[in-house]
Amino acid sequence: MTGRFITFEGIDGCGKTTHARTLVERLNREGTKAVLLREPGGTAIGERVRAILLDKAHMDMAAEAELLLFTAARAQIVREVVRPALAAGTVVVLDRFTDSSEAYQGYGRGLDLEAVRQVNRFATGGLRPDLTLFLDLDEAEAAERMGVRPGASDRLDDEGASFMKRVREGYRKLAMDDPERFRVVPASGSIEEVDARIDAALKEVLP
Ligand code: TMP
């Protein structure tokens, strides 16, 4: 049996990392083999690429270079981890995937969307998630949550509110264009409330 491929998406501070972790822990507790991976990263090569992307010394990074670095890390994780895990019947939960490219580099930075899609198709070999959970949170609320998040900011944390607004709008368009794959999960409220919404959305692909 082939595993299911589930991705989490959303703007910075929407809480998806916490919810993705809770979901994988629950699946494993219930006897469903599941792994949690993150983008960019998840492989030795990907973690090195992540460090380049987040480094504050790289404030002058071209949007095109940014896209290619994210997709380089993606190409590696797909071949090294995601495809083998799916082939072994594991549920793969990935914290960000190709929709992040479209939302951040496409809608956020203004790169040509068709070019962003082409590069991603090449990087992933056309792999598509079975389900994408878009955790939708108002950018002001997300910024507020990030303000209390421990740890220093990195290059990508320093984007302005208008950038994050474009990214959020981008996600909403992507979700509207592909309602089969996307579920829009309101990410405001308590952690338990959002987890319950995620579980309900998941029942459709993991009955
Ligand atoms: P994270 O906050 O989920 O760890 O992601 C790190 C940052 O990288 C976040 O600001 C979103 C950004 N990003 C992109 O801009 N494009 C991408 O393709 C990915 C995977 C992440």
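The figures that follow rest on heavy atoms only: side chains count, while hydrogens, waters and symmetry mates do not.
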Is a side-chain N or O of [X] found less than 3.5 angstrom from the main chain of [Y], in a donor-acceptor match?
| X | Y | result |
| --- | --- | --- |
| Glu193 | Ser190 | yes |
| Arg4 | Thr90 | no |
| Glu47 | Gly42 | yes |
| Asp55 | Ala51 | no |
| Arg197 | Pro186 | yes |
| Arg79 | Ala75 | yes |

Please report the shortest heavy-atom distance between [X] and [Y], naming the atom on each side.
| X | Y | result |
| --- | --- | --- |
| Ala103 | Leu174 | N-CD1, 4.2 Å |
| His58 | Ile52 | ND1-O, 2.7 Å |
| Asp95 | Thr17 | OD2-OG1, 2.8 Å |
| Val93 | Ala20 | CG1-CB, 4.2 Å |
| Pro40 | Ala73 | CB-CB, 4.1 Å |
| Arg74 | Ser101 | NH1-OG, 2.8 Å |

Atom pair [atom1]/[atom2] of [X] and [Y] - distance to nearest 0.5 Å:
| X | Y | atom1 | atom2 | result |
| --- | --- | --- | --- | --- |
| Cys14 | Glu139 | SG | CD | 12.0 Å |
| Gln76 | Ile45 | CD | CD1 | 3.5 Å |
| Met164 | Asp12 | CE | CG | 3.5 Å |
| Met146 | Ile11 | CE | CD1 | 8.5 Å |
| Thr132 | Leu94 | OG1 | CG | 9.5 Å |
| Phe70 | Glu66 | CZ | CD | 5.0 Å |

Salt bridge present between [X] and [Y] (N-O < 4.0 angstrom):
| X | Y | answer |
| --- | --- | --- |
| Arg117 | Glu102 | yes |
| Asp138 | Arg172 | no |
| Asp199 | Arg26 | yes |
| Glu64 | Arg109 | no |

If hydrophobic clusters are built by linking Ile, Leu, Val, Met, Phe, Trp and Tyr wherever their side-chain heavy atoms come under 4.5 Å apart, do [X] and [Y] end up in the same one?
| X | Y | result |
| --- | --- | --- |
| Val119 | Val78 | no |
| Leu67 | Tyr107 | no |
| Leu68 | Leu113 | no |
| Leu133 | Val194 | yes |

- Query: Do the two ring centres, one from Phe5 and one from Phe97, sit under 6.0 Å apart?
  - Reply: yes
- Task: Could you walk me through whether Glu114 and Arg121 pass salt bridge (Lys or Arg N to Asp or Glu O under 4.0 Å), step by step?
- Result: CA-CA 10 Å; Glu114 198 37 52; Arg121 270 196 294 274; 3.1 Å; yes
- Show your working on side-chain contact (heavy atoms from CB on, under 4.5 Å) between Thr22 and Ile198 and close with a plain yes or no. CA-CA 10 Å; Thr22 306; Ile198 289 170; over 6 Å; no
- Message: Using side-chain heavy atoms (C-beta onward) and a distance below 4.5 Å, is Leu137 in contact with Ser188?
- Response: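 Of all side-chain heavy-atom pairs linking Ser188 with Leu137, at least one is under 4.5 Å.
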- Task: Report the relative orientation of the aromatic rings in Phe134 and Tyr171; use parallel for angles under 30°, tilted for 30 to 60°, perpendicular for over 60°.
- Result: parallel
- Message: Using side-chain contact (heavy atoms from CB on, under 4.5 Å), reason through Leu69 and Arg50 one step at a time and then give a plain yes or no.
- Response: CA-CA 8 Å; Leu69 284 167; Arg50 181 184 184 90; over 6 Å; no
- Task: Go through the steps for Gln105 and Thr71 under the test side-chain contact (heavy atoms from CB on, under 4.5 Å), then give the verdict.
- Result: CA-CA 11 Å; Gln105 280 67 54; Thr71 47; over 6 Å; no
- Given side-chain contact (heavy atoms from CB on, under 4.5 Å), test Met61 with Leu53 step by step and report yes or no. CA-CA 8 Å; Met61 187 181 292; Leu53 280 160; 4.0 Å; yes
